[in-house]
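Letters A, B, ... are given to chains in the order of the sequence lines, protein chains preceding strands, and every chain is numbered from 1. In this text the structure is predicted, and so the values were computed from the model without any measurement.
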Amino acid sequence: MFRNQYDTDVTTWSPAGRLFQVEYAMEAVKQGAAAVGLRSTSHVVLATVNKAASDLSSHQRKVFKIDDHIGVAIAGLTADGRVLSRYLRNECINHSFVYESPLPVSRLVVHLADKAQVCTQRSWKRPYGVGLLVAGLDETGAHLYYNCPSGNYFEYQAFAIGSRSQAAKTFMERRFDAFNSYSRDELIKDALFAIKETLQGEKLTSSICTVAVVGIGEPFHMLDQKIIQEVIDSIEIKEDDAAAADQAPIQDEDKSSEAAPMDI
Amino acid sequence: MEMAAVKDSAILESGTERTLYPYVTGTSVIGMKYKDGVILAADMGGSYGSTLRYKSVERIKHIGKHSLLGASGEISDFQEILRYLDELILYDNMWDDGNSLGPKEVHNYLTRVMYNRRNKFNPLWNSLVLGGVKNGQKYLGMVGMIGTHFEDNHVATGFGNHLARPILRAEWREDISFEEAVKLLEKCLLVLLYRDRSAINKFQIAKITDEGVTISQPYALKTNWGFSAFQNPSKGAEGSW
C-alpha cells in the first residue's frame with residue numbers, strides 16, 4: 001500500500017470505495033507478534049508468541065482472561081488490546097450481574113465489533129490497531145472468533161494472526177477437518193506446532209510463548225510454563241524420530257514434512 | 001410570572017410520585033416442579049380493597065419460550081413488569097443467534113428490577129413466581145417487592161405461604177406426575193378458597209415443559225358448605241351471626 005491523498009482521515013472514502021485508515025489499522029495487526037487459535041467441539045486453545053523488548057524486560061501480555069468462559073489473544077497495538085480487554089470484561093460482568101448467567105460468546109463479539117465500527121465512522125477517532133482472537137464456551141458450544149479493526153468478525157475452526165501467520169494458517173488448513181474430534185491435548189499440541197511454524201527456524205521454548213485453554217468443565221486459564229515445555233519436548237522428540245527415518249520410504253517423509261518448518 | 005410561581009411550589013412540594021399502597025390486588029399464586037416441568041396456579045380475582053371487583057384477571061403469563069410468570073399484589077405493577085419483560089424478550093429475539101434467555105436469567109433480571117425500585121423507595125408492589133424449563137432443566141423461583149429472591153421446588157405468595165406450603169411440604173415429591181400435581185394444587189387452592197377472603201372460585205392452572213406452555217381455561221372447584229354447624233349458626237351465642 002502506498003501513500004495517497006485519501007488516506008489521512010478515516011472518514012474519507014477513496015474513489016475505489018476503500019477506507020485506507022482502516023486498512024492501515026489492519027496492517028498494524030499484521031506487524032504484531034503471532035497468535036493462533038484452534039477449536040474442537042468441546043475445547044478452544046489460544047497460543048501466542050511473546051516477544052520481549054529486550055533481555056532486561058518482561059514479556060508483553062497478549063492473552064487475557066475475560067471471564068471464566070471467555071479469553072482473548074491479541075496481535076497489534078497491545079495497548080489497544082488491553083483497553084478492549086477491559087471493555088470485554090466489563091460487558092461480561094454486567095451481564096452476569098443482571099442475568100446470573102455467562103454472556104454468550106457471539107453476543108460479546110458483536111458488542112466488540114460494534115465498538116470497533118464506531119471508530120471507523122468518526123472523524124475524531126482512529127480505528128483500534130489490534131486484532132483479537134476470542135475463544136469461548138457457551139450453551140451453543142465452543143467458539144473461536146476473530147475481531148478485526150474494521151468492525152468485522154468471523155467465526156473460525158482455526159485461525160492465526162500477526163507476523164508470519166500465513167505459515168501457521170497453511171499448517172492448520174491441512175489439518176482442520178479433524179479438529180472437531182481432537183482431544184484437548186491434541187489441540188494444544190497442534191497449537192504449539194502452528195506457533196512453531198511462525199517462528200521460521202527460531203527455537204520454540206516455553207519462555208517465548210503463552211498457551212491458554214477453555215473447555216467444557218474447564219474455565220479459561222493459561223497453562224503453566226512447565227506443562228508447555230513438556231508438550232514442546234514431546235513435539236521435538238517426534239521431529240527427531242521423523243528426521244532419523246528420513247532415509248526410509250515415502251510414508252515417513254509425509255510425517256517429517258508435517259513436523260518440520262516450512263522452507264519454501 | 002404565573003409559571004414561576006407554579007414552578008416554585010412544585011419544587012417545594014416535590015412533584016415526584018411513588019407507590020405508597022396497592023389498589024387493585026391479586027391474591028396467592030402457588031407453583032411447584034413436577035416430573036416433566038413446572039406448574040403454576042392462581043385465581044382470577046382482582047380485589048379493590050375488600051371488594052372482589054374484577055373476576056377475569058389473568059395473573060399467570062408466559063415469558064418467551066421458556067418461562068411462566070405468576071404475580072400477586074398490585075395488578076397495574078404486574079402489567080408494567082410484563083411490559084419490561086416484553087421489551088427484554090424482544091431484544092433477545094432480535095439477536096437471532098440461537099441463544100435465548102432462560103428462566104434463570106429472567107428471574108435474576110426481575111430480582112434486579114425489584115431491588116432497584118425498592119432502593120428508590122418506589123417499589124413494584126408484587127410477589128412474583130417465575131417458573132420454567134430450558135434444555136430439560138426445571139427452574140422455579142420467587143421475587144418479592146423488596147428484592148428478596150430464592151429458588152425452591154415449590155413456592156407460594158401471600159396467604160399461600162401459610163396455607164398451601166405446609167401441604168406442599170408434606171405431599172410434594174420429586175417425580176410427581178402432572179395429574180397428581182394438579183390434584184395437589186387443587187387441594188391447596190381449595191383451602192385458600194375457603195380461608196382467604198380475597199380468593200374467588202375461578203382458577204387457571206399453567207404448565208410449562210420443554211415442549212412449551214399451556215395455560216388452562218378458567219374453571220371452578222367444587223366446594224362443600226353442608227356442615228351441620230352452618231345449619232344453626234348462632235347456636236353457640238344467640239344474637240350473633
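- Residue B:H162 qualifies as open at atom NE2: its count of foreign heavy atoms under 6.0 Å is 12 or below.
- At most 12 non-hydrogen atoms from other residues, nucleotides or ligands lie less than 6.0 angstrom from NE2 of B:H62.
- Taking the six-membered ring for Trp and thresholds of 30 and 60 degrees, A:Y99 and B:Y109 have nearly parallel ring planes, at less than 30 degrees apart.
- Neither the backbone nor the side chain of B:L110 has a heavy atom closer than 4.5 Å to any heavy atom of chain A.
- A:Y156 OH: more than 12 foreign heavy atoms inside a 6.0 Å radius.
- Residues A:E139 and B:N135 form a side-chain contact, since some pair of their non-hydrogen atoms from C-beta on lies under 4.5 Å apart.
- A:R107 contributes a side-chain N or O that, together with a main-chain N or O of B:N99, makes up a donor-acceptor pair within less than 3.5 Å.
- The number of heavy atoms from other shown groups lying within 6.0 Å of CD (A:E218) is above 12.
- Note: A:H95 NE2 to B:E105 CD = 6.5 Å, rounded to the nearest 0.5 Å.
- Interatomic distance, NZ of B:K104 versus OG of A:S101, reported as 6.5 Å (0.5 Å rounding).
- No more than 12 heavy atoms of other residues, nucleotides or ligands lie within 6.0 Å of OH in B:Y48, so this atom counts as exposed by the packing criterion.
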